[in-house]
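Shown next, in structure tokens, is the structure this report addresses.
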Amino acid sequence: MATEAALASAQALINYYCQEKYFHHVQMCANEGLKDYGNDPVFLFFRAFGMLMEDEVQESIRELEVIKDKTDISLCSLMALIYAHKKSSHPDREAIQELDTKMKELRKTAGHRALYFAGLFLWHVGRHDKAREYIDRMIKISNGSKEGLVLKAWLDLTCGREAYAKKALKYLEEGLGDGTDVFAMLGKAHYLEMRQNYSGALEVVNRILVNCPGFIPALIKKMKLQLALQDWEQTVETALRLLQKDGHNLEALRMLALHYLCREGNVHEASTKLGDLIRALDQFEPQNAHLFYNMSLAFSRMCERNPLILQQTQILVERAVNMATNDAEIATELGYQFILQGKIREALKWYKTAMSLDETSVSALTGIIRCQLIEGHLQDADQQLEFLMEIQQSIGKSGELSYLRAVLAMKKQKKQEEVIHLLNDVLDTHFSSLHGLPLGIQYFEKLNPDFLLEIVREYLSFCPTQPSAPGQPVSPLLRHCASVLEAIMKTAPGLHQAAFLIAKVKYLSGDIEAAQSSLQHCLDQNPSYADAHLLMSQIYLFQDNLKLCSQSLEICLSYSFEIRDYPLYNLIKAQTQKRMGEVQEAIKTLQIAMSLPGMRRAGTSVKSKGKKPEVSPSDRVSIFLELVDAHRLNGEQHEAAKVLQDAINEFSGTPEELRLMIANAELSLMHGDVEQALSMLRNVSPEQPYFVQAKQKMAEIYLKHRKDKKLFVSCYRDLVDKLPSSHTYLLLGDAYMNIQEPEKAIDVYEQALKKNPKDGTLAIKIGKALIKTHNYSKVFVLKGGSASSTVLWCGPAIVLRLYLSVVNSQEQINRKISTIHSTPYFSRECLLLAPYVCFCSQTVNELSSLVDDSRYHVLLAKIYSKMEKIDQSIVSLQRARELQARVLKRTQMEQPDAVPAQKALAAEICAEIAKHSTVQRDYEKAIKFYKEALVYCETDNRVMLELAHLYLAQDDTESCQQQCALLLKIDQDNEAATMMMADLMFRKQDYEQAVFHFQQLLERKPDNYATLSRLIDLLRRAGKLEEIPKFLELAEKNSSRAKLEPGFHYCKGLYLWYTGDPNDALRHFNKARKDSDWGQNAIYNMIEICLNPDNETVGGEVFDNLDGDVGNSTEKQESVQLAVRTAEKLLKELKPQTLQGHIQLRIMENYCLMATKQKANVERALNTFTEVATAEKDHIPAVLGMATAYMILKQTPKARNQLKRISKMNWNPIDAEEFEKGWLLLADIYIQSGKYDMAGELLKRCLRHNRACCKAYEYTGYIMEKEQAYKDAASNYEMAWKYGNQTSPTVGYKLAFNYLKAKRYVDAIDVCHKVLELHPNYPKIRKDILDKSRAALRA
């Protein structure tokens, strides 16, 4: 069975190569078969057949003579001998007649195998009908041979007749049965491919490869089907797989070369692969002229005339010509190759050669006409075209013929309408030929981007040369160009010229952002593309970004010095110089431009070597006018008038003459002759070009020089009357806005909007005019609340963009909405959402509409965010995310150059959702969306940093470290990432590494106070407070102004606060209080110090009465009241800008209320904390506030429940202080209850996160003391005393007491002296400890 399958596979492979006309491959396969199966006559026959088709006629006759008597192949051998004799240069008529007689006799008695091979031979030589006769007879005598049914199906599939092809599947199914015959399965795949069921065909091919993994035709078919499914990635993968099995596979090499050329835009790699293909053809199909010819076609048409590729394709066609000297089709193709290289004489020679080989060759005659048009022989070309037009009915409609007629019409200066009609006809004919073709080699050949780009360039010659103004409808020609170029880019996004032209079309259409995106895509693929740099400089000039414009011109020149001979380069350079105030330099540049070939009529006839850049009449006039203006600005009025007169003489009788007339009127104004200027402009009639510009200039004169508003408006009214369009209505509306008549402007804008209902600029203008008239309700319903198409499209644009541009704060939002809310139509939510819901109810399928829809949802989310409606904001962002996923899927196929921008928007949407989730403390969701954002934009530093923060908040240090490492790899100087790495090292208790990261930052910039403040906090948490002063000294040494810097004072205050010196800390924080960067944090710290100067556990009871009467003294109470009043004053200075800032302020206000210890105030605070904790999930400060309030109100169980919530949450740096306070307060409760073990665990947690936590050491000491472990108690009180900077009398007392108990009398006496030095009247310590310690020493 295995041998039969292998034999069937070998025969199927031969059949495949026969059909593909790879005749040398046929011979190689036959030789392989003879090695494996001995002198099998079938393989001998196909070896001879391969020789015959390679024109080795005599050798094939000798081989066939040997095997003609073999039973199974006798009939096909006789047929092949007859075919060979007829193909011979000197046919032997007698031999042919004798063979024919034998064949007829043999046919009568032939068995089914002989009939099968005879049919197979006839199929391979293209005689389908005759082959069908033999196979039908074979099926009949063999009672339905499966082999015969499969071959009959193949005949039906390849005969080119639809009626037969429909029946093929039935024969294939019958022939295949339950078996796995590769030839039959390959036929089924071919059938499904013809029916455009590419997925089904691919499934069949995969089944073949399961049974026969190394079957080359199946892999080739798979590769082509993947391309038909537009899956380039899989196509390339299969091509590489093919090359692993067959290192010289022609189809795989061709596919890879096309991939590099069309998709990657990598011409050098494509050229290398094409070279490999030529070598493989030389080795494996050296005599196959048509294969050499066919292999060249797709490349020559897709390469945008790149010399490297054309050099290779010319080699292929020349080899084909040498092999088939009498083939007119190949000779014609060689002529076309020379046309593409600009070698017109050589092209004409080969076209004439083709005509001599075949006088009826239409393609050769078309080529000759093309050459005649290029060389300017218009009369000859006209005569030939007339002849072709007469015979067009018999030859069929040709797109190329229509194109040549259009070129002739242009050269004869026929009317623009006639030329455009012909060009439109060219496109219709051309694209109709592509109908139904799958993406593949044939599609590339037929698409012929080179031809389409020629048509686009012809269209552009009739388009405006400057971007259309806002509200001005885009030229239909530009839309035509865009649709053609998008079709090319969808198929071949790697074509540089197509990308450049689509950028130019978008620029001229006024879509500047899209133009820049396309251009950047083009330059990313080919940084040396000078024309692209030149267009980029035009865009920057249009945006008035002179610095970038100059840079683009310099880059352009660095890549191509020939660009200096482009008048456009000199024009842009001069315009840039003029705007930068370098008028004399601009004059010199323009004079150089004036001297270039093509600038003057006389110059056009001068022949010069080399190809000179063409310059449009519009650009020529622009150069003259720029020179006039430059002379005028330089005070050279006489020179300006002289240049202008030269220009008038140069362009007399052309459409551009009117531009010069308007410039002449401007010059008259400069001389103060207003009436002469107006009389010139009045002569321009509506039929003439530049009529609109003339009227605009007249209106400007009336307003600025005559101060006559009525005549100013009348100019624009006249424009609307004579040239009614959305653009002229827009100009009239702008005129009314200029003279402060917004009501009239609104009416005019609405009429313009009816003419151009999808113009967002008009919608915004109406919205702004309505806001100017304070008619807010109409902002949302433009006319009477009707859901007109205007409202449908404009509603979201106005609502969203106007709210973000006009409304700047929450108060303004509320004020505007309350104004609109007085109208009976809407609720607050409806006002924002009604127009948008109306818009979204439409089915959106257009890519541009999807893009707009996605952006509108993003804007709507921003509005909700400003209104503090976070849930609605997230819903809008989720909708935007879904839409953006659809946009990206479509953009990758339709506008590959826009993919980076759309990915950036998708990343932004995901990041916004993550931000909101972070605010809501849903950290897992936030991490998910930040990860998704990084899928779209892998190197977004901001997102990577936020994700690292979240991992840190989740205590996932490994993931956090990984993110930081990636970020530092991209940006090694990233401060935030370095600081976070330091935090991570701290958590791992690797303090040296943590400090090292901060030192790196501070070495680069010692006065980086943001880093210094973080380092101070880190050193505190590491228990290394003593190391802080040296960094403060370093900052002082680095900058003489350090002591004046708010950042420095903030850091100094932080250090003093942490070391138990609250009064000095307040003084330093006060110096930072008014600073915009440090002020808010400084004020919060000052408030905390005021409310808790001694860093007590607020609400705690363990140490509550330790100080005896001092804690309840009148002086102490007055001090607390004064501190609370100070804190309240400071609170009024806080101006939070974010939602979290407002919540933080609210929390602090209620801590002030609690500090009063008055029951009513504490209960008010408790209510507020409860509200915040309910609204904000797991809000640590609010939960801590609730617990503290409960403790003050003596409701300990309720407090304990809230604190347990905190103890179960993951620690995060943002709420680090609140976590610490919560743990300490819960430990206090446990100590009060005698639960020392539970308290001890919490205290250890405190010290794990803050080794300088005095209170944790103090509580631990207290527990040890209660357990009478005085030495351990003393050790903990020592640490509390150390990190409190030996200033707390309470801690000093406890330490001295435990020293006394531990019989460390000298240490006890030392501590007592230190306490009494700072607090001479501190009670009990002298009597209880000092005196007893001295007595114990004496004893």
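Residue numbers start at 1 and run along the sequence shown.
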Discussion item. Could you walk me through whether D1064 and Y1055 satisfy the side-chain contact (heavy atoms from CB on, under 4.5 Å) test, starting with their C-alpha distance in whole Å, then the side-chain angles of each, then the deciding distance to 0.1 Å, before giving a yes or no?
Written reply: CA-CA 10 Å; D1064 266 359; Y1055 168 66; over 6 Å; no
Item to complete: Quick one: do D1017 and R1014 satisfy side-chain contact (heavy atoms from CB on, under 4.5 Å)? Show the steps, please.
Response: CA-CA 5 Å; D1017 183 56; R1014 292 287 293 111; 3.6 Å; yes
Hey, what do you get for [atom1] ([X]) to [atom2] ([Y]), rounding to the nearest 0.5 Å?
{"X": "L947", "Y": "Q963", "atom1": "CG", "atom2": "CD", "value": "4.5 Å"}
{"X": "M1186", "Y": "I1206", "atom1": "CE", "atom2": "CD1", "value": "9.5 Å"}
{"X": "E1241", "Y": "M1238", "atom1": "CD", "atom2": "CE", "value": "9.5 Å"}
{"X": "T918", "Y": "E946", "atom1": "OG1", "atom2": "CD", "value": "7.0 Å"}
{"X": "H949", "Y": "I927", "atom1": "NE2", "atom2": "CD1", "value": "13.0 Å"}
{"X": "K1052", "Y": "H1049", "atom1": "NZ", "atom2": "NE2", "value": "8.5 Å"}

Worksheet item: Taking only residues two or more places apart in sequence, or in another chain, which ones meet N1285 in a side-chain contact (heavy atoms from CB on, under 4.5 Å)?
Response: T1059, T1287
Worksheet item: Between T1156 and N1161, is any side-chain donor less than 3.5 angstrom from a side-chain acceptor?
Response: yes
Worksheet entry | Residue pair N1276 / E1265, side-chain donor-acceptor N/O under 3.5 Å | no
Report yes if the side chains of [X] and [Y] come closer than 4.5 Å at any heavy-atom pair, otherwise no.
{"X": "F1031", "Y": "L1019", "result": "yes"}
{"X": "V1124", "Y": "C1090", "result": "no"}
{"X": "I1147", "Y": "H1179", "result": "yes"}
{"X": "M1191", "Y": "I1229", "result": "yes"}
{"X": "H916", "Y": "S873", "result": "yes"}
{"X": "L1193", "Y": "L1166", "result": "yes"}
{"X": "Y1009", "Y": "F1048", "result": "yes"}
{"X": "R1251", "Y": "K1024", "result": "no"}

Quick check: does any side chain N or O of [X] sit under 3.5 Å from a backbone N or O of [Y], one acting as donor and the other as acceptor?
{"X": "N1250", "Y": "A1252", "result": "yes"}
{"X": "D1215", "Y": "F1219", "result": "no"}
{"X": "Y1277", "Y": "Y1262", "result": "yes"}
{"X": "N1092", "Y": "N1095", "result": "yes"}
{"X": "R1200", "Y": "Q1195", "result": "no"}
{"X": "T1188", "Y": "L1184", "result": "yes"}

Which atom names give the shortest non-hydrogen contact between [X] and [Y], and what distance separates them?
{"X": "H1319", "Y": "P1289", "result": "NE2-CD, 3.4 Å"}
{"X": "G1222", "Y": "L1203", "result": "O-CD2, 3.6 Å"}
{"X": "Y1259", "Y": "T1097", "result": "OH-OG1, 3.1 Å"}
{"X": "G1261", "Y": "A1273", "result": "O-CB, 3.4 Å"}
{"X": "I1016", "Y": "C1051", "result": "CD1-O, 3.4 Å"}
{"X": "C960", "Y": "A948", "result": "SG-O, 3.2 Å"}

Worksheet item: Does the side-chain contact (heavy atoms from CB on, under 4.5 Å) test come out yes or no for H857 and Q878, once each step is laid out?
Response: CA-CA 9 Å; H857 274 92; Q878 289 282 19; over 6 Å; no
Whether [Y] and [X] form a salt bridge (side-chain N of Lys/Arg under 4.0 Å from carboxylate O of Asp/Glu) is what I want to check.
{"X": "E1133", "Y": "R1073", "value": "yes"}
{"X": "K1294", "Y": "E1258", "value": "yes"}
{"X": "K1221", "Y": "E1218", "value": "no"}

Fill in: Qualifying residues under side-chain hydrogen bond (donor to acceptor under 3.5 Å, both in side chains), relative to E1217, sequence neighbours excluded
R1020, R1021
Response to the item:
Exactly one of E1220, R1248, M1279 clears side chain to side chain contact (heavy atoms under 4.5 Å, CB included) with C1253, and that residue is E1220
Practice prompt. Walk me through it: do K915 and E912 pass the test salt bridge (charged side-chain N to carboxylate O under 4.0 Å, His left out)?
Written response: CA-CA 5 Å; K915 272 185 194 173; E912 282 300 314; 3.5 Å; yes
Worksheet item: Taking atom CD of E924 as the centre, does the number of heavy atoms from other residues, nucleotides or ligands within less than 6.0 Å exceed 12?
Response: no
Fill in: Residue R1164 excluded, over 12 heavy atoms near CZ under 6.0 Å
no
Item to complete: Would you sort out whether Y1322 and T1290 count as a side-chain contact (heavy atoms from CB on, under 4.5 Å), showing the intermediate values?
Response: CA-CA 9 Å; Y1322 192 74; T1290 309; 3.7 Å; yes
Worksheet item: Can you name the residues that form a ring pair (Phe, Tyr, Trp, His ring centres under 6.0 Å) with F1069, not counting sequence neighbours?
Response: Y1050
Worksheet item: Which residues satisfy the ring pair (Phe, Tyr, Trp, His ring centres under 6.0 Å) test with F929, sequence neighbours excluded?
Response: none
Worksheet item: What residue pairs, at least two apart or across chains, pass salt bridge (Lys or Arg N to Asp or Glu O under 4.0 Å) with a residue in residues 1139-1152?
Response: R1146-E1171
Worksheet entry | H1249/W1223 aromatic ring centres below 6.0 Å | yes
Discussion item. Tell me which pairs pass ring pair (Phe, Tyr, Trp, His ring centres under 6.0 Å) where either residue lies in residues 1118-1173, with sequence neighbours left out.
Written reply: Y1151-F1169
